[in-house]
Undergrad: 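Take a look at the following structure, please.
The structure presented is a predicted model; accordingly, all values stated were derived computationally and were not measured. Here is how names work: the chains are called A, B, and so on, in the same order as the sequence lines, proteins then strands, and each is numbered from 1.
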Amino acid sequence: MPELPEVEVYKQYFDGTSLGHKIVDIDIDDPKLVKQVDGVFRNALVSNSFTKSERIGKFFFAHLSSGKIVVFHFGLTGNFYYFNESEDIPRFTRVLFHFDNGFKLAFVNMRKFGWVDLIEDVEIYRQKRGLGPDAQKISYEDFYEKFRKRKSLIKPKLLDQKLMAGIGNWIADEILYQSQLHPESNIENLSDEEIRLIYDKMQHILEVAVREDANYELFPDYFFIHIRKNAEARCFHTGGPIEKIEVGGRGTYFSPQYQIKK
DNA sequence: TTATATGTTCGATA
DNA sequence: TTATCGAACATATA
């Protein structure tokens, strides 16, 4: 379940379990998920330990004692799981790190859209990929500058990781619902006030989601996620129906009576 | 059986 | 050249 808040929770979990233990072995279930040629990944990790981590959007970076950095991306599914001999290896474990304290860290990834890589420098990597600033850290000025001049529908731009990193499908729908804007609104038709509103709602949603450990059940009642995929559910504000359409190739849910197309 | 899923990438097109 | 769009990727679940 990995968008910015979920990956932030994974980071906290990783930091609380997997830092400072020597890696004694690694199991790779499917080499296609490791973006390195044979052995390179393994050799770079074994007898190192993780020293610290950072996150940009949905990308998670774990620094090794050697100075190299492991990049994790969860794709559409997945999480970390830390365990010892008393438990079985989780289903869909793709990479398994064995630590010298007897515990293991599983990189679990059911749909195999996730991957791991090995890099030298986070900032160089970020620039090379064209990854934008983290959505929770981007300033309003930067956000405005990046979005204002665009010519496309608003939803696909919110999902564009090159403009800003971390927003995924449910958060994009959540932002537009709370902003009362139709997901197919054209950016050119939005006022400066509406751009500001989108930014403020985005910050609010991210702040709540991270604070509640990405546990949707704890989100306030007015959050769209509670009704997003429920055909019988009604809009919290209007009591009207929730509709599903496709925007930019992604399933998109919205409340047509509440969200206005600009 | 078919459609769908919380994502990114790559090639085609404008 | 740059921006945008759509298909492809792998696999479990309803």
Undergrad: Can you check the A:Arg250 CZ to B:dA3 C1' distance for me, whole Å?
TA: 15 Å
Undergrad: Using whole Å, what does the distance between atom P of nucleotide C:dC5 and atom CZ of A:Arg150 come to?
TA: 11 Å
Undergrad: Rounded off to whole Å, could you give me the CG-to-P distance for the A:Asn109 and B:dT8 pair?
TA: 12 Å
Undergrad: When you measure from the side-chain N and O atoms of A:Gln161 to the phosphate of B:dT8, is any distance below 4.0 Å, counting only OP1 and OP2?
TA: yes
Undergrad: In whole Å, what is the span from the CD atom of A:Glu3 to the P atom of B:dT8?
TA: 9 Å
Undergrad: Is a side-chain N or O of A:Ser53 found less than 3.5 angstrom from the main chain of A:Ala62, in a donor-acceptor match?
TA: no
Undergrad: Which comes earlier along DNA chain B counting from the 5' end, the contact point of A:Lys229 or that of A:Trp115, where each point is its nearest nucleotide?
TA: A:Lys229
Undergrad: Can the ring centroids of A:Tyr199 and A:Phe147 be said to lie less than 6.0 angstrom from one another?
TA: no
Undergrad: Ring centroid separation for A:His63 and A:Phe50, is it under 6.0 angstrom?
TA: no
Undergrad: For DNA chain C, what string of dots and brackets results from 5' to 3' when Watson-Crick and G-U pairs need both distances under 3.5 Å, crossing pairs get [ ], and pairs with another strand get |?
TA: .||||||||.||||
Undergrad: Does A:Val40 reach the side chain of A:Leu118, with side-chain heavy atoms less than 4.5 Å apart?
TA: yes
Undergrad: For the aromatic rings, using the six-membered ring if either is Trp, is the centroid distance between A:Tyr82 and A:Tyr13 under 6.0 Å?
TA: no
Undergrad: Rounding to the closest angstrom, what is the interatomic distance between C:dA7 and B:dA3 at atom P?
TA: 14 Å
Undergrad: Rounded to whole angstrom, note down the P distance from B:dG11 over to C:dA10.
TA: 16 Å
Undergrad: Please confirm whether the shortest side-chain N or O distance from A:His73 to OP1 or OP2 of B:dG7 is below 4.0 Å.
TA: no
Undergrad: Could you tell me the separation between the CD1 atom of A:Ile56 and the C1' atom of B:dT8, rounded to a whole number of Å?
TA: 16 Å
Undergrad: Tell me: CD1 of A:Ile171 to P of B:dG7, nearest whole Å?
TA: 9 Å
Undergrad: Whole Å only: how far is the CD atom of A:Glu246 from the P atom of B:dA5?
TA: 9 Å
Undergrad: Could you go through nucleotides 10-14 of chain C and list every protein N or O atom that sits under 3.5 Å from one of its N or O atoms, giving the distance for each pair?
TA:
{"unit_1": "C:dA10", "atom_1": "N3", "unit_2": "A:Arg111", "atom_2": "O", "d": "3.4"}
{"unit_1": "C:dT11", "atom_1": "OP1", "unit_2": "A:Lys112", "atom_2": "NZ", "d": "2.5"}

Undergrad: Looking only at the aromatic ring of each residue, does the gap between the centers of A:Phe74 and A:Phe80 stay below 6.0 angstrom?
TA: yes
Undergrad: From the options B:dT4, C:dT4, B:dT6, select the nucleotide whose nearest atom is closest to the side chain of A:Pro2.
TA: B:dT6
Undergrad: So, is A:Tyr10 close to the B:dT6 phosphate, meaning a side-chain N or O under 4.0 Å from OP1 or OP2?
TA: no
Undergrad: What orientation do A:Phe60 and A:Phe14 show, parallel under 30°, tilted 30 to 60°, or perpendicular over 60°?
TA: perpendicular
Undergrad: Separation of A:Asp160 atom CG from C:dT2 atom P, in whole Å?
TA: 15 Å
Undergrad: OP1, OP2 of B:dA5 versus side-chain N and O of A:Lys244: anything below 4.0 Å?
TA: yes
Undergrad: Under 4.0 angstrom, heavy atoms only, what part of the nucleic acid is A:Lys157 near: base, sugar-phosphate, or nothing?
TA: sugar-phosphate
Undergrad: Quick check on B:dG7: is either OP1 or OP2 less than 4.0 Å from any side-chain nitrogen or oxygen of A:Lys58?
TA: yes
Undergrad: Have a look at A:Gly75 and say if it touches a base, only the backbone sugar-phosphate, or nothing, with a 4.0 Å heavy-atom cut-off.
TA: sugar-phosphate
Undergrad: Examine the side chains of A:His73 and A:Asp117 and answer whether a donor and an acceptor come within less than 3.5 Å of each other.
TA: no
Undergrad: Please report whether the ring centroid of A:Trp115 lies less than 6.0 Å from that of A:Phe72.
TA: no
Undergrad: Determine, for A:Tyr140 and A:Arg196, whether the Lys NZ or Arg CZ falls below 6.0 Å from the six-membered ring centre while staying within 45 degrees of the axis.
TA: yes
